[in-house]
Amino acid sequence: MSLYIYNTSSKDKEEFKPIDNNEVKIYSCGPTVYNVPHIGNLRAFVFADSLYRWLKYGEKYETKWVMNITDVDDKTIRDSQKEYPELSAEEALKKFTRKYEDAFFADLEKINIKKDSFIENPRATEYIKAMQDLTKDIYEQGFAKIVDGSVFFDVKKYTESNKYGVLLNLNLDNLKSGTRTLADEIEKENVQDFALWKGKKEGEPCWDFELDGQSLPGRPGWHIECSAMSSVLLGLPFDIHTGGIDLVFPHHENEIAQAQAGWNKKTANFWVHNEHLMVEGKKMSKSLGNFYVLQDLIDKGVDPEVIRFFFISNHYRAKINLSEDSLQNAENTLQKIRNQLAIKEGGSMSTEEKKQEFYQAMQDDLNTPVAFSVLFELLKGDYKKDEVEDFFKFAEKVFGVRFLPKNEQIPEKIQKIAQDRWQAKKDKNFELADDLRKKALEEGYEIRDTADSYEILPLKQ
RNA sequence: GGCGACGUGGCCAAGUGGUAAGGCAGGGGCCUGCAAAGCCUUUAUCGGCGGUUCGAUUCCGCCCGUCGCCUCCA
């Protein structure tokens with residue numbers, strides 16, 4: 001069975017075939033580095049990582065994965081100037097965004113997204129030339145206009161020869177009436193027009209730009225950043241574009257329009273979007289007080305691996321609700337898998353059938369909830385130990401979560417305690433035995449009795 | 001107002017036109033000096049009302065509810 005992926009542009013699962021034989025090119029919208037990523041951002045990145053991992057380890061494709069860093073936009077400019085008023089606009093922006101870029105990669109590391117999975121993490125500020133070139137191409141094709149030093153994409157003109165609304169049904173008239181006035185933004189002729197290039201405002205960082213004989217110092221619009229970076233690094237069209245569901249419109253729709261208008265090119269074959277994370281049943285927001293970043297959860301004693309497991313054990317196109325209960329559930333479940341693997345022995349049945357079931361679940365638009373149910377069946381039945389372990393090693397790669405026991409050397413000190421306790425137990429000195437077990441526990445090791453002996457397990461093994 | 005998603009046992013979550021996987025939690029039991037782990041066992045008719053059908057949780061219509069997008073957003 002081949003891989004089927006839900007494509008937002010067709011609203012259906014489609015058979016996935018790479019454009020180039022065995023190589024898959026993926027572009028994921030990365031963070032805007034004006035803050036540390038929140039837990040909802042991380043869900044999107046973990047999803048992209050799991051898709052990448054399945055393509056690489058499950059489907060054995062060569063992969064080229066790009067995730068960009070948006071390091072120039074309204075928010076980064078605004079906040080960098082607030083934070084470093086003493087620096088020049090350019091220096092402030094750079095210092096500010098680098099700080100949060102580092103924080104971003106630190107979080108990725110914690111949640112087990114490896115930096116070397118990416119072939120590139122382009123910074124928007126390092127691709128200004130490509131953005132300007134695309135802007136120029138769109139303008140020369142007649143799909144852009146210059147207004148007060150800025151360049152806008154002319155949606156109305158575009159719709160005369162192209163479809164605007166590839167990813168979702170759009171009614172431009174409705175769109176217009178539903179949009180409120182943006183008094184403090186640059187005047188646009190049509191509300192749905194979007195900026196390709198924003199003219200310089202006093203005190204803001206800017207780049208020189210020459211268009212149609214006019215000097216237009218300024219900075220790129222948000223949507224053009226992704227079009228430029230993806231086309232330079234992957235070429236258009238590439239295979240898969242990922243992002244959160246909120247990016248469908250206008251961001252991704254605009255990416256499609258830009259490449260079409262400027263180069264007459266399709267952007268990506270597959271548009272894949274993950275649903276949102278809810279917190280305690282509500283959309284996460286600062287005003288509701290349910291806004292979490294990774295460190296908040298770590299401070300509460302939640303292991304990042306549990307968070308990753310929680311994300312991955314749910315389907316990526318389903319809303320998930322982060323709560324104390326749901327995290328506890330995830331922790332218990334993960335712990336149970338590890339316990340089961342730790343005590344697994346013998347077995348006579350081949351795992352082949354279950355492997356097939358697992359594979360089929362993943363091939364069906366990454367149906368991870370079913371895939372995990374198959375893993376549980378594998379643990380329950382009388383399957384051959386070495387085959388089960390091998391398969392879980394594979395699952396570890398695919399999901400980026402550890403299932404098998406750590407091969408940790410138990411310190412001699414702990415071994416001594418366990419020995420003493422075993423002796424005390426045999427002597428029926430249960431008080432001492434319990435004390436010693438408690439002592440080991442305080443050192444981070446759990447002593448469990450088995451049929452005729454005992455075993456030592458690192459806590460959180 | 002326009003577009004869309006979702007509503008399955010206490011919680012989470014699959015799934016199919018022919019009476020519903022899996023996980024967590026809970027109850028009972030086994031094992032155990034105790035504990036932990038483990039093992040066995042136990043709990044649903046799928047938001048509501050109609051329709052199509054021999055038969056619907058699964059298809060269609062309406063209603064109710066939750067959430068999202070249409071404006072920056074993973």
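These numbers were taken from a predicted model, which means no experiment stands behind them. In what follows, every chain begins at residue 1, and chains take the letters A, B, ... in the order their sequences are listed.
Along RNA chain B, the nucleotide closest to A:Glu455 and the one closest to A:Pro369 are compared, and the more 5′ of them pairs with A:Pro369. Take the nearest nucleotide of RNA chain B for A:Leu42 and for A:Glu446: the residue whose nucleotide is more 5' is A:Glu446.
As rounded to the nearest Å, B:G4 and B:A74 have P atoms that lie 25 Å from one another. Nucleotides B:U45 and B:C40 have their C1' atoms positioned 27 Å apart, rounded to a whole Å. Separation of the P atoms belonging to B:A56 and B:C46 is 12 Å when rounded to the nearest angstrom. Comparing B:U52 with B:U66, their C1' atoms are spaced 29 Å from each other, to the whole Å. Comparing B:C59 with B:A5, their P atoms sit 13 Å apart, to the nearest whole Å. Nucleotides B:C12 and B:C63 have their C1' atoms positioned 28 Å apart, rounded to a whole Å. Taking atom P in both B:C6 and B:U42, one finds a spacing of 33 Å when rounded to whole Å. Taking the C1' atoms as reference points, B:G18 lies 11 Å from B:U58, given to the whole Å.
A donor-acceptor contact under 3.5 Å links the side chain of A:Arg437 to the base of B:A35. Between the side chain of A:Asp434 and the base of B:G33 there is at least one donor-acceptor pair of N/O atoms closer than 3.5 Å. At a cut-off of 3.5 angstrom, the base of B:A74 holds at least one donor-acceptor pair with the side chain of A:His38. Applying the 3.5 Å distance criterion, the base of B:C34 shares a donor-acceptor pair with the side chain of A:Asp449. For A:Arg421 and B:G33, a side-chain-to-base donor-acceptor distance below 3.5 Å is present, hydrogens and geometry of angles not being considered.
Nucleic acid contact class of A:Ile343 (heavy atoms, under 4.0 Å, all strands): sugar-phosphate only. Residue-level contact check: A:Lys380 touches the backbone only, with heavy atoms under 4.0 Å from sugar-phosphate atoms and none from bases. Across all strands shown, A:Ile320 has no heavy atoms under 4.0 Å from either base or sugar-phosphate atoms. Residue contacts shown for A:Glu377 are limited to sugar-phosphate atoms, with no base heavy atom under 4.0 Å away. Among the atoms of the strands shown, only primed sugar atoms or phosphate atoms (P, OP1, OP2) are found under 4.0 Å from some heavy atom of A:Gly243. Nucleic acid contact for A:His276: base, since at least one base atom lies under 4.0 Å from a heavy atom of the residue. Across all strands shown, A:Leu375 has no heavy atoms under 4.0 Å from either base or sugar-phosphate atoms. A:Ser326 comes within contact range of no nucleotide atom at all, as no heavy-atom separation falls under 4.0 Å. Among the protein residues, A:Arg78 comes within range of no part of the nucleic acid, since none of its heavy atoms lies under 4.0 Å from any strand. Using a 4.0 Å heavy-atom criterion, one finds that A:Lys425 contacts the bases of the nucleic acid, with or without backbone contacts as well. A:Asp73 comes within 4.0 angstrom of nothing in the nucleic acid, heavy atoms only.
At a threshold of 4.0 Å, the pair A:Lys283-A:Asp246 does not count as salt-bridged, since none of the basic side-chain nitrogens sits closer than that to a carboxylate oxygen. Taking 4.0 Å as the cut-off between side-chain N and carboxylate O, A:Asp71 and A:Arg98 do not count as a salt-bridged pair.
Of the candidates B:A21, B:G33, B:G23, B:G23 carries the atom nearest the A:Thr333 side chain, counting heavy atoms from C-beta on. Listed candidates were B:C12, B:C67, B:C72. Nearest to the side chain of A:Asn329 is B:C12. Of all nucleotides listed (B:A13, B:G33, B:A74), B:A74 comes nearest to the side chain of A:Leu247. For A:Asn274, whose side chain is taken as the heavy atoms from C-beta onward, the closest listed nucleotide among B:G33, B:A74, B:C24 is B:A74. Listed nucleotides: B:A74, B:A21, B:A37. Nearest to the side chain of A:Ser373: B:A21. Taking the side chain of A:Met278 as heavy atoms from C-beta on, and the options B:C67, B:C39, B:A14, the nearest nucleotide is B:C67.
Using a 3.5 Å distance cut-off with no hydrogens or angles, the side chains of A:Trp54 and A:Gln363 do pair a donor with an acceptor. Between the side chains of A:Asn254 and A:Tyr164, a donor-acceptor pair is found at a separation under 3.5 Å.
The nearest whole Å value for the distance from the CZ atom in A:Arg317 to the P atom in B:G4 is 16 Å. Put simply, CD on A:Gln328 is 13 Å from C1' on B:C12, counting in whole angstrom units. Separating the CG atom of A:Asn35 from the C1' atom of B:C72 is a distance of 14 Å, rounded to the nearest angstrom. Nucleotide B:A74 holds its P atom 16 Å from the CD1 atom of A:Ile111, rounded to whole Å. Atoms NZ (A:Lys336) and P (B:G22) sit 11 Å apart, rounded to a whole Å. Going from atom CD of A:Gln335 over to atom C1' of B:A36 covers 11 Å, rounded to whole Å. Atom pair A:Lys75:NZ and B:C72:P shows a separation of 9 Å (rounding to whole Å applied). Between the CG atom of A:Asp364 and the P atom of B:G15 there is a distance of 7 Å, given to the nearest Å.
Outside the 6.0 Å centre-distance limit, the rings of A:Tyr292 and A:His38 are not counted as a close aromatic pair. Aromatic ring centres of A:His223 and A:Phe194: separated by under 6.0 Å. The ring of A:Phe104 has its center closer than 6.0 angstrom to the ring center of A:Phe45. A:Phe47 has its ring centre no less than 6.0 Å from the ring centre of A:Phe311.
A:Phe376 does not qualify as a stacking partner of the B:G22 base, lacking a centre-to-centre distance under 5.5 Å together with planes within 30°.
Distances shown here put every side-chain N or O of A:Lys319 at or beyond 4.0 Å from the OP1 or OP2 atom of B:C12. The phosphate of B:C12 has neither OP1 nor OP2 within less than 4.0 Å of any side-chain N or O from A:Asn314. Using a 4.0 Å cut-off, no side-chain N or O of A:Asn321 falls inside it from OP1 or OP2 of B:U66.
Checking B:C59 for Watson-Crick or G-U wobble geometry (two distances, each under 3.5 Å) identifies B:G51 as its partner. With both pairing distances under 3.5 Å, B:C30 is matched to B:G38 as a Watson-Crick or G-U wobble pair. Partner assigned to B:C69 is B:G2, using Watson-Crick or G-U wobble distances below 3.5 angstrom. With a cut-off of 3.5 Å on both pairing distances, B:A20 has no Watson-Crick or G-U wobble partner at all. Nucleotide B:G7 has B:C64 as its partner under the Watson-Crick or G-U criteria, with both atom distances under 3.5 Å. With a cut-off of 3.5 Å on both pairing distances, B:U45 has no Watson-Crick or G-U wobble partner at all.
In plain terms, the two heavy atoms of A:Leu134 and A:Ser227 that are nearest each other are CD2-CB, 3.6 Å.
The environment of A:Lys439 atom NZ is sparse: at most 12 non-hydrogen atoms of other residues, nucleotides or ligands sit within 6.0 angstrom.
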